[in-house]
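A quick write-up on the structure given underneath.
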Amino acid sequence: MKLENPFPEYGYFGPEYFCDREQETEELISALVNGSNVTLMAPRRIGKTGLISHAFERMKARDKNVHCFYVDIFSTKTFNQMVQFIANAVIGKLDSPSQSVMRKLNGFVSALRPTMSQDPITGMPTFSVSVTSERARDTLQQVFEYMKESGRQCYLAIDEFQQVSHYAEIGADAFIRSIIQFVPNVHIIFSGSQQHLLADMFMSPEHPFFNSSQIMTIGTIDANVYRAFANSFFAQQKREMSEEAFIYLYDMVDGQTWYVQKILNRLYRTPKGKLDQEDVFRATDKILHEQEINYQSNYNLLTDNQAQLLTAIACEGKVNAPTSLDFILRHQLPAPSSIKMALKSLQDKEFLFYDTKQGYMVYDRFFGMWLKRLAGL
């Protein structure tokens, strides 16, 4: 599929539009095909989903018989919602046209009572499964049994897996672990953006998933590699982005993939020849202006202490010690106890992100820029 704009903000459109990550892709594929489950941790908008899609695409290109499934459970609030997402992603996808689909369903997952319809494009049968809380555990077990009995190599990515820790159902993680360890032809990517929660689930001895998967993290794409990738497309317009302009863009958003992509997407639309810092500034300014109402609404939801702390961190970019006296006095913040409360709330709401090397940062880089402007910087 050829794109009008080669810098998509969302989705995966094939290797042509995917920048680098060669080492990470091969590491992920190697772990999966050699029988390991993988826990993939990284902040949101760094490119986890793209990496998973790219790895799955490459795996399917190498072996036409593998089956790859991706499920994002970020919006789920209960265990049975998660099961329904997984069931709807998997059920019916392992049946070939020569097989009696309903016979297979009756044999493997009859209790699911799926609703069958026909895909208007391919003509293949598709299924929708409704899951009740009473049947959720049985249903999940049957979904994995369905994959097991297919005899095919299956790879399942469950994105934002940390949501499981928020479910009210007791022992949901233990039950999932008890099922997957007896399905040898199914390997799973547990990915998520709340790294402290995932780390606790997979690296803490008191949790069922302790030592059950290979831990993998991803960082930013090298700036020089990213610039070469970007200019390969600008060259098709007989244009180029200067090194100075790209580094300015890259550093402004800390190299976070989605933000880089969004600004490049805007720059690709401009008719000018060589792209400079002023072009980057104008494109970013337009994005902030478009999001003004949204950012103002988010800001209004904060308490005074939260707003003060978030703005102070935005102004400094990265803060290692937000309760230090120097930081408090510099930004006229309340007492350390109040800052600690605000800090926890802002992290829980994902307004702030903590990196062990760099400290606290505003999660949404564009929102951080907006806050700096609000503060007059």
Side-chain angles (χ1 to χ4, degrees), residues 1-34 36 38-63 66 68 70 72 155 157 159 189 191-193 195 214-237 239-268 275 279-280 283-284 353 355 357-358 361 363 365-366:
M1 176 181 181
K2 186 170 178 60
L3 301 179
E4 287 295 324
N5 191 314
F7 304 107
E9 298 174 27
Y10 299 99
Y12 176 77
F13 296 91
E16 180 184 356
Y17 303 105
F18 187 79
C19 180
D20 194 39
R21 300 258 187 239
E22 284 299 315
Q23 182 177 338
E24 298 95 325
T25 301
E26 289 306 318
E27 182 182 348
L28 181 57
I29 292 173
S30 176
L32 292 171
V33 299
N34 283 287
S36 296
V38 176
T39 300
L40 179 62
M41 299 188 290
R44 191 169 296 132
R45 296 179 171 176
I46 197 74
K48 294 187 309 300
T49 304
L51 173 62
I52 293 168
S53 299
H54 189 59
F56 279 177
E57 184 84 2
R58 190 167 289 182
M59 291 167 71
K60 288 185 288 186
R62 293 177 182 177
D63 184 351
V66 306
C68 301
Y70 172 85
D72 185 347
Y155 301 96
D159 206 357
I189 302 171
S191 66
S193 55
Q195 297 179 71
Q214 179 174 322
I215 305 298
M216 194 176 160
T217 60
I218 59 172
T220 57
I221 298 168
D222 179 80
N224 292 324
V225 172
Y226 214 146
R227 179 178 171 249
F229 170 78
N231 272 331
S232 69
F233 291 109
F234 285 125
Q236 296 172 17
Q237 296 181 317
R239 310 166 74 196
E240 182 185 12
M241 189 171 191
S242 70
E243 181 178 2
E244 181 183 50
F246 187 83
I247 295 301
Y248 172 67
L249 183 163
Y250 186 92
D251 289 345
M252 183 170 56
V253 295
D254 299 309
Q256 300 291 296
T257 308
W258 183 83
Y259 300 97
V260 174
Q261 284 287 114
K262 190 171 183 69
I263 297 172
L264 289 175
N265 181 286
R266 295 304 176 94
L267 291 171
Y268 194 78
L275 296 159
D279 295 303
V280 175
T284 307
F353 168 72
D355 181 270
K357 295 179 180 178
Q358 302 183 79
M361 295 171 279
Y363 215 133
R365 297 303 192 271
F366 290 143

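Predicted model only: the values in this text are computed from it and were never measured. Each residue takes its place number in the sequence, starting with 1.
Atoms CG and CG, from L28 and L51 in turn, are 5.5 Å apart once rounded to the nearest 0.5 Å. Distance check: L267 CG to Q237 CD gives 10.0 Å after rounding to the nearest 0.5 Å. To the nearest 0.5 Å, atoms CD (E244) and CG (L275) are separated by 13.0 Å. In this structure, OG1 in T25 is found 9.0 Å from CD1 in I218, a value given to the nearest 0.5 Å. Here the straight-line distance linking atom CE of M252 with atom CD1 of I247 works out to 12.0 Å at 0.5 Å rounding. The SG atom of C68 sits 9.5 Å away from the CG atom of D63 when rounded to the nearest 0.5 Å.
Applying the ring-ring contact (aromatic ring centres under 6.0 Å, His included) test to Y250 and every residue at least two apart in sequence or in another chain returns nothing.
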*Taking it one step at a time, do Y226 and Q261 satisfy side chain to side chain donor-acceptor pair (under 3.5 Å)?*
CA-CA 10 Å; Y226 214 146; Q261 284 287 114; 2.8 Å; yes

*I would like to know whether Q214 and T39 meet side chain to side chain contact (heavy atoms under 4.5 Å, CB included); could you show each step before the answer?*
CA-CA 6 Å; Q214 179 174 322; T39 300; over 6 Å; no

*Audit row: L264, Y268, side chain to side chain contact (heavy atoms under 4.5 Å, CB included) steps and yes/no*: CA-CA 6 Å; L264 289 175; Y268 194 78; over 6 Å; no

*Show your reasoning for whether side chain to side chain contact (heavy atoms under 4.5 Å, CB included) applies to F366 and T284.*
CA-CA 8 Å; F366 290 143; T284 307; 4.3 Å; yes

*Please report the C-alpha distance between T220 and T257 in whole Å, then the side-chain angles of each, then the deciding distance to 0.1 Å, and finally whether the side chain to side chain contact (heavy atoms under 4.5 Å, CB included) criterion is met.*
CA-CA 7 Å; T220 57; T257 308; over 6 Å; no

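Smallest separation of non-hydrogen atoms from L3 and Y17: N-OH, 2.9 Å. Heavy-atom minimum distance, E24 versus M216: O-CE, 3.2 Å. Minimum heavy-atom separation, D222 to N224: OD2-N, 3.0 Å. Shortest non-hydrogen contact noted between M59 and V33 is CE-CG1, 4.1 Å. Between G50 and Y12, the shortest heavy-atom contact is O-CD1, 4.0 Å. When every heavy atom of S193 is checked against every heavy atom of R44, the shortest pair comes out as OG-NH2, 3.0 Å.
A donor-acceptor contact under 3.5 angstrom links the side chains of D159 and Y70, judged on distance only. If you check the side chains of R45 and Y259, you find a donor sitting under 3.5 Å from an acceptor.
Ring geometry for Y10 versus W258: interplanar angle of 30 to 60°, hence tilted.
Annotation: E22, atom CD; neighbour count of heavy atoms from other residues, nucleotides and ligands within 6.0 Å is above 12.
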Distance-only criterion, 3.5 Å: show the donor-acceptor pairs between side-chain atoms of residues 228-236 and protein atoms not counting sequence neighbours.
| unit_1 | atom_1 | unit_2 | atom_2 | d |
| --- | --- | --- | --- | --- |
| N231 | OD1 | M241 | N | 2.7 |
| N231 | ND2 | M241 | O | 3.2 |
| S232 | OG | F229 | O | 2.5 |

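Between E26 and R62 there is a salt bridge, since at least one side-chain N of the basic residue sits less than 4.0 Å from a carboxylate O of the acidic one.
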